[in-house]
Every structure is written in C-alpha cells, then in structure tokens.
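What you see is a predicted model; the values in this text were computed from it and never measured. In what follows, every chain begins at residue 1, and chains take the letters A, B, ... in the order their sequences are listed.
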Number of protein chains: 2
Amino acid sequence: MDKDKIDKKDHILDVAERVFADFGFDGASTRTISGEAGVNMAMLNYYFGSKEGLFLAIFERKISSFRTLLQNIGNDDSMTAWCKLDKCIDNYVERIIVNNCFQKLINREISMNKRWDLTDKITEILMVNIVEIRKIIEEGLNNGSFYKDIDVPMVIATIFGTKNYIINTPQLSSLIIGHDIRDEKFMEEELKPRIKTYMKRLLKAYLVNENDNSK
Amino acid sequence: MDKDKIDKKDHILDVAERVFADFGFDGASTRTISGEAGVNMAMLNYYFGSKEGLFLAIFERKISSFRTLLQNIGNDDSMTAWCKLDKCIDNYVERIIVNNCFQKLINREISMNKRWDLTDKITEILMVNIVEIRKIIEEGLNNGSFYKDIDVPMVIATIFGTKNYIINTPQLSSLIIGHDIRDEKFMEEELKPRIKTYMKRLLKAYLVNENDNSK
DNA sequence: TTTGATTAATCAATCGTTTGATTAATTTTG
DNA sequence: CAAAATTAATCAAACGATTGATTAATCAAA
C-alpha cells in the first residue's frame, strides 16, 4: 500500500522530470505530465500540492543522490588531488552525462530571471557538486602538485560548461562531432571514453604541465 | 517615417529579446512583450505574424551580425592559426559575453525537444560560429602548429561551453567567482580580461604546449 | 463503515490570436 | 495643387483554446 503509493509518486516524478526537461517548466502542462504518467490530473495536486511543488519535489529527490556520489570521492584520503579529479571526471561522465535529463532541466530553469526561490533551490543543489570539485583542485593547489597560477573558478566553469554544452545541446553536439550522440551505442562505446580522455588531457595540460615545465 | 517604422520594429525586437531571455519562450507572454515595448498587442502579429514569427525575427536579425564579426577574423591570411584563435577569444568575450541575453535565449530553447523547426533554425545560426572556429583549429592542425592528437569537437565544446556556463548561470557563476558578475564595473574591469587570459592559457596548454615539449 | 485514494467534471484565469473600426500616411487622379 | 482613393498603422475588444487548480462524487481497502 504505502510502497505502492511511494512507487507511484516516484513514477510521476520520473515522468515529470523527463517532460519538464523536454518542454521546460512553462511548456510542460500538468495534463501532459499526468497523461504520460497514466494518472489522473488531480493526483499531481493531491500528491505535490501544485505544479511548482511537483517541480521542487524532483529536485528534493536528487539532492541526496548527488551528495552520496561525491562524498565517496572527496573524502578518500588515499588519493592524490589529481587522482580524485580523474575519478570525478570518470564518475560524472559515467553517471551524469548519460540519460540525465535532470541536468537539462536544471540548466534551463536556472537561466531564467523569474522564480528566484526556485533558482536559489537549484543553486544550492549545484553548489554541492561545485564545492566538492573546488576542494579537490585547491588541495592540489596547496600541496604544490598543481600549477600555482591556475584560475580555479574558471576551471570549474570549464568542467561543468563543457559537460553541459554536450548534453544540453545534443542536436548541435551531434553536428559538431559528426554522429548522433543520442545513439546509445555510440554514446556508450565511443563518446563516453572520448569525453573522459579529453577532459583529463585538457585539465592536466592546464593544471600540472606548466608546473612540470618549470621543474 | 520609414525610419520610425524600422526603429519601432527594432525596438520591439530589442524588448522581446530581453523578455524571452528572462522568461523563456513559453513564459514570455505576448502581453508582457507588447506592454514593455509600449505597443499594442496586435502589433506583434501585425509585424511578425505570430509569437514564433517574432521569435524567429530576433534570430534573423542576429545572424548577419555574427557572420560579419567572424569573417573579419577567419579570412585574414596574415595571422597564424593561434593568433586567429586569440583574436576570436578577445572578440567573443568583448562582444558576446557582455549584455547578451541572446545567448541565454538560444541555449535555453535549443535544449528543448519540441519545436524542431525552431531548433533547426537556431542550430543553423550557431553553426556559423562553430564552423569558423573549427576552420581555424584545423588550420593550425594541418600546418603542424597545433598538437596532432587534439580532439577538435571537444575543444569547441569547451570554448562555447565555458562561455555559456558563465553567462547562462550568472547567479551560480557569481557564487563560484565570489563576486556578482552582473556588476558591470566588475565585468568590464576584472572578469572580461580574466576570462580572456584563462581561455588563452587553457587552450594554449592543450593545443600547442605538448607539441613544444616534443620538439 | 470510515478513511484515504482516485476519478470526471468544472472553475476562473490566462494564453495567442483575430476582429472591425479608426486614424495617419501615401498615392493617385483631375 | 487639391481632392479622392488607397494603403499602412494602431487600437480596444473579444475570440476559442488551454492553463493550473478545485470540486464533489466514486472507488477501494481496512
């Protein structure tokens, strides 16, 4: 019973997450969401109070998932800073780039100038990731393994910006890469390792190479 | 007379560009746009046929502006590939990052899975920029001044992705950087040169440094 | 039977668009 | 040039459709 209720709520959240990602907050109607979820329209308000409540519930559900993913990497003291960053990239590409319309959802709505309460909520969630990455980079900076003159905030913008660019504009990325990146086989076998390799080389060249040169 | 008409249409486009950027295509109502532009609601349809027509008109107006900016750089044979890229970065930061809600508008709407005709139009516009950048990078690749194993599509994703990340999520970027990036003085005097410096160092480290090491 | 879950029907509000009428500007005609 | 005819620009009002939300009735389970 209770389990069924939770499953149904989770199912609604799954569907709503995708519909919101595809059509935006305003473009996604409650009728479309309830229709695709196979539930009565009134159930959305019954469970989540309002459309915005449903929207926020999607975020609430994600925030814990993100935290646990990052804690496992950041708090492992047996790894060097670069090793942690390497691990972060692998995990991000593996778990976040693929099949995650939530990222599209986040990036579209945060760029709006309305719904400031919602923006604050989104910002709070994203900062969890960002602070973790920043901690790792600054760790490498403090122990001298990274070049001293790196611009940490900009590096963060590059890490998330590059990732976002690829997943947020799949039509465009597909044209640039020369293959439909929404093709799951291609994404799994070719693009994922390619993104990992590229990001590591790019960051290594900027973060540690110059230091190596001076040595 | 005729000038006034053109100015009025341009004024509507200016206002609509900002309102669309702030609220999204669906979130921006024709009443809001006409209201802020100080014109009657029917004028939007009179001039542009429909809301989507108005939306497309904003893009039509921009495409020529972008083309001329890029042609001046790409077709100058007196510059090396790296010099062109350097120039591109300067121009992008100078003319596109600042006060350009159009970029936010583009990136929000292209991430939608509806209105495919509109997405195609946007993609076409963006490809103008991308092809130009790609040409420059491949020029440096072919004449040996860039490292041979670089991933050109990924570099493009980084260039535009980093830029987009900063301007599309100003609230978040401000938190990361530690200063409100919407502060014009800060943007002009500190952030703009900082972005230029960073992007050049990052790209140089990845594109040419490894090659220098092997020599 | 009583409580919570679910439904169809309906609400007021807002959406983008269209209309018919009116004014201003331009062109044509005598 | 001046009067008439035509076109362009602008407006308030209203259109049908859709929006998010709510209601009251029904269903299911304990």
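- Pair check for C/dA12 finds D/dT19; Watson-Crick or G-U wobble, both atom distances under 3.5 Å.
- In this structure, CG of A/L44 is placed 17 Å from P of D/dT23, rounded to the nearest angstrom.
- In a base pair of the Watson-Crick type (N1 to N3 plus N6-O4 or O6-N4) or a G-U wobble (N1-O2 and O6-N3), with each distance short of 3.5 Å, D/dA5 is matched with C/dT26.
- Taking every side-chain heavy atom of B/Y47 into account, D/dA9 is the closest of C/dG16, D/dA9, C/dT6.
- In this structure, A/W82 and A/F146 have perpendicular ring planes: the angle between them is above 60°, well past the 30° mark.
- Atom CE in A/M41 sits roughly 12 Å away from atom P in C/dT7 (whole-Å rounding).
- At D/dT10, one or more side-chain N or O atoms of B/K8 fall inside 4.0 Å of OP1 or OP2 (strictly under the cut-off).
- Neither OP1 nor OP2 of D/dC11 sits under 4.0 Å from any side-chain N or O of B/Y46.
- Rounded to whole Å, atom C1' of D/dG20 lies 11 Å from atom CZ of A/F20.
- Judged by a 6.0 Å distance limit and a 45° cone about the ring axis, A/K163 is not positioned over the six-membered ring of B/Y165.
- Classified by interplanar angle (parallel below 30°, tilted 30° to 60°, perpendicular above 60°), the ring pair B/F20/B/F25 is parallel.
- Distance A/F48 CZ to C/dT6 P: 12 Å, rounded to the nearest Å.
- Between the P atom of D/dA21 and the CD1 atom of A/I33 lies a distance of 10 Å, rounded to the nearest Å.
- Between B/F186 and B/H179, the angle of the ring planes stays under 30°, which puts this pair in the parallel group of the 30/60° scheme.
- Across the interface with DNA chain C, nearest-nucleotide mapping of A/N40 and B/R31 shows A/N40 to be the residue nearer the 5′ end.
- With rounding to whole Å, B/M43 atom CE is found 13 Å from C/dT23 atom C1'.
- Taking atom CG on A/N45 and atom P on D/dT22, their separation rounds to 6 Å, with Å as the unit.
- Nucleic acid contact class of A/S29 (heavy atoms, under 4.0 Å, all strands): sugar-phosphate only.
- The two residues B/R194 and A/P153 come nearest to each other via the heavy atoms NH2-CG, 3.3 Å.
- With rounding to whole Å, A/D26 atom CG is found 12 Å from C/dT14 atom C1'.
- Listed nucleotides: C/dT6, C/dT17, D/dA21. Nearest to the side chain of A/S50: D/dA21.
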